[in-house]
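Beneath this line is the structure, given in structure tokens, with notes to follow.
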Amino acid sequence: MVEDKTQIVGVHAGNSRLRLATDQISSLIVLSHSIKVFSSRWKLIRNKLNEILPLLPPEIQDSGDGPSFSGVIQAIEETTEFTTKLAQKCIDFSYSGKLLMQSDLDIICVKFNNHIKSLSELSSIDAFSSNGQYAIVVSRPGPTASRDDIRFYFKDLLSRFKIGNSEMKEQALICFNEVIQEDNRCVKTAMEIDGLVFVLVEFLGSKEVGIQEEALKSLDMICRFHSYKGVLASIGIVAPLIRALEGGSHLSKKLSTRCLMKVTADSDNAWAVSAHGGVTALLRISASESENGAELVSLACGVLKNLVGVEEIKRFIVEEGTIPMFINLVKSINEVTQISAIDFLRSIASGDELVANLIANEGGIRVLVRVLDPKSSFSSKTKEMSIMAIMSLCSNPTRLNNLVSYGFMDHILHLLRDGEVSVQESCLKAAFWLSGTSDEFKKAMGDAGFMPELIKFVAAKSFEVREMASETLSSLVSIPRNRKRFVENDQNVSLLLQSIDPEEGTSGNRKLLLPIIMSLSGCNSGRKKILGSGYLKNIEKLADEQVSDAKKIVRNLSSNRLVRLIRGIWR
């Protein structure tokens with residue numbers, strides 16, 4: 001009888017402690033809202049406290065060996081008391097140093113996280129293992145389900161995330177991913193449920209491979225939404241992503257890198273990646289394509305591309321001597337790796353002469369030009385990327401001269417003749433760029449045979465293509481030697497005049513081609529070819545319509561004696 005009374009007293013004491021712990025947690029949650037410093041850490045602590053409250057049992061009835069509810073409650077009480085003291089120091093600004101306080105708050109987060117795990121394990125044993133009883137499975141919401149139905153379903157999944165065993169957690173994650181993948185509105189609903197996203201982030205540290213991978217799939221889908229990337233970063237997603245990147249399965253590494261790429265898209269979270277050793281981990285992955293595979297290396301390059309927008313991180317990457325590594329990746333046999341490496345080199349050298357010189361000195365420009373070699377097996381996409389990178393890297397006259405000596409001009413001309421349409425457009429951009437560098441390059445392009453190729457594009461369907469071809473051609477014929485060479489071919493002049501349609505109004509080729517014809521009409525040979533083309537009526541009609549450039553062309557033609565004899569003077 002005495003023994004029974006003792007047990008009853010113990011139970012009452014335990015339940016009293018439970019009530020005390022509940023009150024302490026509730027008070028701390030309220031107190032945390034008034035703290036103005038270290039707001040992101042206090043928000044994380046507050047969310048963990050909100051996770052603990054629903055996991056506390058209605059009463060304590062411990063029995064048997066192993067961890068007990070009363071022991072966990074006591075530990076929670078001690079952590080809460082210490083946290084309350086830290087909260088008061090933050091409110092009074094009486095802490096001794098920022099770094100020390102940040103460290104203390106990080107430790108508190110870890111402790112509360114451990115308490116949540118302990119409560120979840122005990123709840124799992126109590127709720128799912130006693131007497132063979134199992135929870136009722138809530139039906140998955142259909143396409144026409146209401147928002148309330150979806151919330152109810154997600155709350156049920158959240159309870160399984162918290163108190164289910166490993167198998168139940170993984171299955172709940174699979175169900176969650178299926179729903180949010182099929183309906184974007186479900187992502188918004190999920191983000192509105194308190195504690196759900198925190199549990200997903202915590203799952204990244206799971207030792208169960210399946211749980212970690214499914215959680216990463218969830219977060220990868222959530223990261224697609226720009227408005228949620230900042231939320232995930234603020235609750236500390238970067239550190240566990242990097243840990244998964246370093247020690248997870250191959251799929252976990254790919255998924256974590258994809259998440260990091262999305263989270264760092266605007267460079268706001270670049271420092272967080274650097275602070276947790278992410279830059280080194282990403283460089284290590286990029287250095288071993290054979291071990292990690294092309295897709296993972298490509299993703300790592302993508303994250304690094306986002307990070308080099310921060311000057312200090314860019315300098316670190318350069319000082320680590322990794323530029324030759326990325327140049328070698330351009331030589332990879334895998335297209336995905338090639339494109340990612342070229343894109344990274346272009347980004348890290350953007351607006352930085354020192355880095356551009358380093359890439360050139362390491363043979364990077366020569367490698368990029370080799371991509372364009374007609375004998376090479378590189379894809380059209382890789383060639384397009386290479387052309388864009390070369391144009392970005394070679395603004396310096398010295399690098400530009402070296403570029404030509406590597407055969408860049410010959411490769412561009414060959415691709416203009418025989419390349420695929422997308423590559424031809426990139427080559428047109430390169431030709432336009434080269435024609436704007438100097439008169440010497442204009443002469444070299446004329447000698448190489450660019451003008452007959454450019455004339456083929458002046459009647460293209462794409463206005464952008466017509467514009468680039470016409471402006472490049474106009475630049476080249478401004479050189480007397482090139483103009484003479486151009487009019488030697490009757491077909492060149494005829495095609496120009498034929499491409500001008502007086503009926504097309506102010507749009508189309510008129511504005512693009514009239515300046516070229518006006519330049520040709522400034523020399524005797526050009527005037528003769530224009531007169532003999534059979535399409536002079538197109539120009540005359542425009543002159544009659546008071547088009548300024550057309551009138552100037554006719555005046556130039558009218559000053560020629562041969563014209564006076566054959567056609568009379570235009571008035």
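Here the structure is a predicted model, which means the values were calculated and not measured.
Two residues are said to be in side-chain contact when any heavy atoms from C-beta on lie closer than 4.5 Å; F176 and L158 fail this criterion. Side chains of L219 and L204 form a contact here, defined as non-hydrogen atoms less than 4.5 Å apart. C301 is listed as a side-chain neighbour of L329, based on a closest heavy-atom distance under 4.5 Å. Using a 4.5 Å cut-off on side-chain heavy atoms (C-beta onward), N306 and V273 make no contact. No side-chain heavy atom of K169 sits less than 4.5 Å from a side-chain heavy atom of E208. Residues I150 and R147 form no side-chain contact, since every pair of their non-hydrogen atoms from C-beta on lies 4.5 Å or further apart. Here the side chains of M388 and I342 are not in contact, with every heavy-atom distance at 4.5 Å or above. At least one side-chain heavy atom of L283 sits less than 4.5 Å from a side-chain heavy atom of F326.
Under the 3.5 Å distance criterion, the side-chain polar atoms of D183 are left unmatched by any main-chain donor or acceptor of V179. Listed for the N47 side chain is a donor-acceptor partner under 3.5 Å among the backbone atoms of K43. Judged by distance alone, the side chain of S380 and the main-chain N or O of V423 form no donor-acceptor pair under 3.5 Å. N292 places a side-chain N or O within 3.5 Å of a backbone atom of I285 that can act as its donor or acceptor partner. No donor-acceptor pair closer than 3.5 Å links the side chain of T257 to the backbone N or O of A300. Judged by distance alone, with hydrogens and angles left aside, the side-chain atoms of T84 form a donor-acceptor pair with the main-chain N or O of T80 at under 3.5 Å. Counting only distance, with no hydrogens or angles, the side chain of S218 and the backbone of E214 share a donor-acceptor pair below 3.5 Å. Side-chain atoms of S40 never come within 3.5 Å of backbone atoms of S234 as a donor-acceptor pair (strictly under, hydrogens ignored).
The pair R399-E353 meets the salt-bridge criterion, since a charged nitrogen lies less than 4.0 angstrom from a carboxylate oxygen. A salt bridge is defined here as a Lys NZ or Arg NE, NH1 or NH2 lying under 4.0 Å from an Asp or Glu carboxylate O, and K254 with E295 meets this definition. Of the charged side-chain nitrogens involved, at least one lies within less than 4.0 Å of a carboxylate oxygen, so that D352 and R315 count as a salt-bridged pair. Checked for salt-bridge contact, K383 and E420 miss the test: no charged N lies under 4.0 Å from a carboxylate O.
Around CG of L100, the count of heavy atoms belonging to other residues, nucleotides or ligands within 6.0 Å exceeds 12. The neighbour count for H226 NE2, taken as heavy atoms of other residues, nucleotides or ligands under 6.0 Å away, does not exceed 12. For Q181, the CD atom is loosely surrounded, since the number of other residues' heavy atoms within 6.0 Å does not exceed 12. Few gaps surround CG on N361; more than 12 heavy atoms of other groups in view lie less than 6.0 Å from it. Around atom CD of E81, more than 12 heavy atoms belonging to other residues, nucleotides or ligands sit under 6.0 Å away. Within a 6.0 Å sphere centred on CD of E167, other residues, nucleotides and ligands contribute 12 heavy atoms or fewer.
Between S340 and the options S332, S286, S298, a side chain to side chain donor-acceptor pair (under 3.5 Å) holds for only S298.
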Task: Residues L260, L299; criterion side-chain contact (heavy atoms from CB on, under 4.5 Å); working and verdict - done: CA-CA 9 Å; L260 283 171; L299 290 168; over 6 Å; no

Task: Worked check of salt bridge (Lys or Arg N to Asp or Glu O under 4.0 Å) between K48 and E202 - done: CA-CA 11 Å; K48 291 189 180 298; E202 287 169 2; 2.5 Å; yes

Open item on the list: Evaluate R370 against F378 for side-chain contact (heavy atoms from CB on, under 4.5 Å), listing each step before the verdict.
Closed with: CA-CA 9 Å; R370 285 176 183 168; F378 291 95; 5.7 Å; no

- [ ] Determine, stepwise, if the pair N269 / T264 fulfils side chain to side chain donor-acceptor pair (under 3.5 Å).
- [x] CA-CA 5 Å; N269 305 306; T264 60; over 6 Å; no

Task: Residue pair R346, S392: steps toward the side chain to side chain donor-acceptor pair (under 3.5 Å) verdict - done: CA-CA 7 Å; R346 181 185 177 188; S392 177; 4.6 Å; no

Task: side-chain contact (heavy atoms from CB on, under 4.5 Å) between L372 and I390, worked out - done: CA-CA 11 Å; L372 307 177; I390 288 169; 4.1 Å; yes

TODO: Run the numbers on T382 and Q338 for side chain to side chain donor-acceptor pair (under 3.5 Å), then give the verdict.
DONE: CA-CA 7 Å; T382 304; Q338 296 161 2; 3.1 Å; yes

Open item on the list: Between R41 and I108, does the side-chain contact (heavy atoms from CB on, under 4.5 Å) criterion hold? Intermediate values first, please.
Closed with: CA-CA 10 Å; R41 284 176 169 81; I108 288 298; over 6 Å; no

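The minimum heavy-atom distance between R185 and T144, with the atom names listed, is NH2-C, 4.3 Å. Scanning all heavy atoms of the two residues, the minimum distance from I35 to C90 falls at CG2-CB, 3.8 Å. Contact record, I313 with S274: CD1-CB, 4.0 Å, taken as the closest heavy-atom pair. The shortest non-hydrogen separation linking W42 to L105 is CZ2-CD2, 3.6 Å. Closest heavy-atom contact between V199 and E51: CG2-OE1, 3.5 Å. When all heavy atoms are compared, the tightest approach of K262 to C223 is CD-CB, 3.7 Å.
Rounding to the nearest 0.5 angstrom, the gap separating the NZ atom in K253 from the CD atom in E246 is 9.0 Å. Separating the NZ atom in K188 from the CD1 atom in I193 is a distance of 13.5 Å, to the nearest 0.5 Å. Put simply, CG on L44 and CZ on F198 are 6.0 Å apart, with the number rounded to the nearest 0.5 Å. Considering CD1 of I91 and NZ of K36, their distance stands at 10.0 Å, rounded to 0.5 Å. Residue R258 holds its CZ atom at 9.5 Å from CE of M221, rounded to the nearest 0.5 Å. With rounding to the nearest 0.5 angstrom, the CD1 atom of I242 is 9.0 Å from the OG atom of S256.
Classified by interplanar angle (parallel below 30°, tilted 30° to 60°, perpendicular above 60°), the ring pair Y228/F225 is tilted.
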